[in-house]
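Notes follow the structure.
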Amino acid sequence: MGEPNCNFVEESVADAYESKAIARLQESGMRLTGPRRAVVRVLAETRKPLGAYQIKDRVGVAGGKIDVVSVYRILASLVECGLAHHVGIVDGYLACPASHSGGHQTEHLVCESCGCVEEVAIPQSALIEISVSGSRLGFLANQTRVEVLGRCSHCR
């Protein structure tokens, strides 16, 4: 049957992300190697977080060659540049559609059925409450990420 519509990424959207990522990497002084381009493209083509081995396999299916250590290094640089997120609840990496640098405050809505992810900004009021709660315990937050499991509209 294939992936539900919510995991489908239009080619124009994937192309736009790829162009943005390449420009951001160049601005950061990173070389645009074949493996780096291939990982960016794999991330651009899905809304489902992928693990390093899945990315390696997809690069191979597309005719490229990459080792998993290189995938991890590339993913780390993409996260640092704000071009990808690590979604811990599913231990996968996802293209970041927004235009911001790394370390921003995000909420990921993860479908437990199909695996698609929707990224939304965390409301300022929630960030304040989280900060206040942490402060009461002597905790100073540097970054806030929220991951919510549920079912997307396609899978309900």
Side-chain angles (χ1 to χ4, degrees), residues 1-123 126 141-156:
M1 179 172 138
E3 292 183 342
N5 289 340
C6 52
N7 275 318
F8 176 75
V9 177
E10 292 182 21
E11 190 170 347
S12 62
V13 173
D15 290 346
Y17 170 79
E18 187 175 15
S19 295
K20 175 184 84 168
I22 288 169
R24 175 99 43 89
L25 291 169
Q26 287 176 321
E27 290 167 8
S28 299
M30 293 186 202
R31 290 183 356 167
L32 295 176
T33 62
R36 188 168 278 143
R37 284 180 183 265
V39 170
V40 165
R41 188 63 194 187
V42 166
L43 292 177
E45 294 176 336
T46 186
R47 291 187 53 225
K48 186 175 185 177
L50 301 173
Y53 286 92
Q54 291 171 303
I55 293 169
K56 176 189 176 299
D57 291 345
R58 288 191 184 198
V59 169
V61 167
K65 187 175 179 182
I66 191 169
D67 62 84
V68 76
V69 172
S70 295
V71 173
Y72 277 115
R73 283 191 197 124
I74 292 166
L75 289 169
S77 66
L78 294 175
V79 168
E80 184 179 322
C81 289
L83 294 167
H85 293 289
H86 179 258
V87 181
I89 204 161
V90 292
D91 195 22
Y93 292 84
L94 181 72
C96 177
S99 295
H100 44 61
S101 59
H104 64 284
Q105 318 294 344
T106 59
E107 180 176 354
H108 291 110
L109 308 175
V110 181
C111 180
E112 59 194 354
S113 181
C114 71
C116 75
V117 174
E118 188 69 40
E119 177 182 317
V120 295
I122 298 173
N142 294 327
Q143 179 182 43
T144 303
R145 291 182 289 174
V146 176
E147 296 174 354
V148 181
L149 270 178
R151 290 203 187 269
C152 70
S153 61
H154 292 96
C155 294
R156 279 189 293 142

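Quick note: residue numbers are just sequence positions, from 1.
The distance from the CG atom of Leu25 to the OG1 atom of Thr33 is 9.0 Å, given to the nearest 0.5 Å. Taking CD1 from Ile74 and CE from Met30, the interatomic distance works out to 10.5 Å, rounded to the nearest 0.5 Å. Remark: Lys56 NZ to Lys65 NZ distance equals 9.5 Å, nearest 0.5 Å. Atom CD1 of Ile55 is separated from atom CZ of Arg41 by 14.5 Å, given to the nearest 0.5 angstrom. Note: Glu45 CD to Tyr17 OH = 11.5 Å, rounded to the nearest 0.5 Å. Rounded to the nearest 0.5 Å, atoms CZ (Arg47) and SG (Cys152) are 8.0 Å apart.
Contact of the Cys114 side chain with the His154 side chain is not registered, since no non-hydrogen atoms from C-beta on lie closer than 4.5 Å.
Here the closest heavy-atom approach between residue Leu43 and residue Tyr93 is recorded as CD2-O, 3.6 Å. The nearest pair of heavy atoms linking Ser28 to Cys81 is OG-SG, 3.5 Å. Minimum heavy-atom separation, Cys111 to Arg151: SG-CA, 3.9 Å. Across all their heavy atoms, Pro35 and Ile66 have their closest contact at CB-CD1, 3.6 Å. Minimum interatomic distance between Pro123 and Glu107 (heavy atoms only, all atoms of both residues): CD-OE1, 4.2 Å.
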Quiz prompt | Verdict with reasoning, Glu18 to Arg37, per salt bridge (Lys or Arg N to Asp or Glu O under 4.0 Å) | solution = CA-CA 8 Å; Glu18 187 175 15; Arg37 284 180 183 265; 5.4 Å; no
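Between His85 and the options Glu119, Arg145, Glu147, a side chain to side chain donor-acceptor pair (under 3.5 Å) holds for only Glu119.
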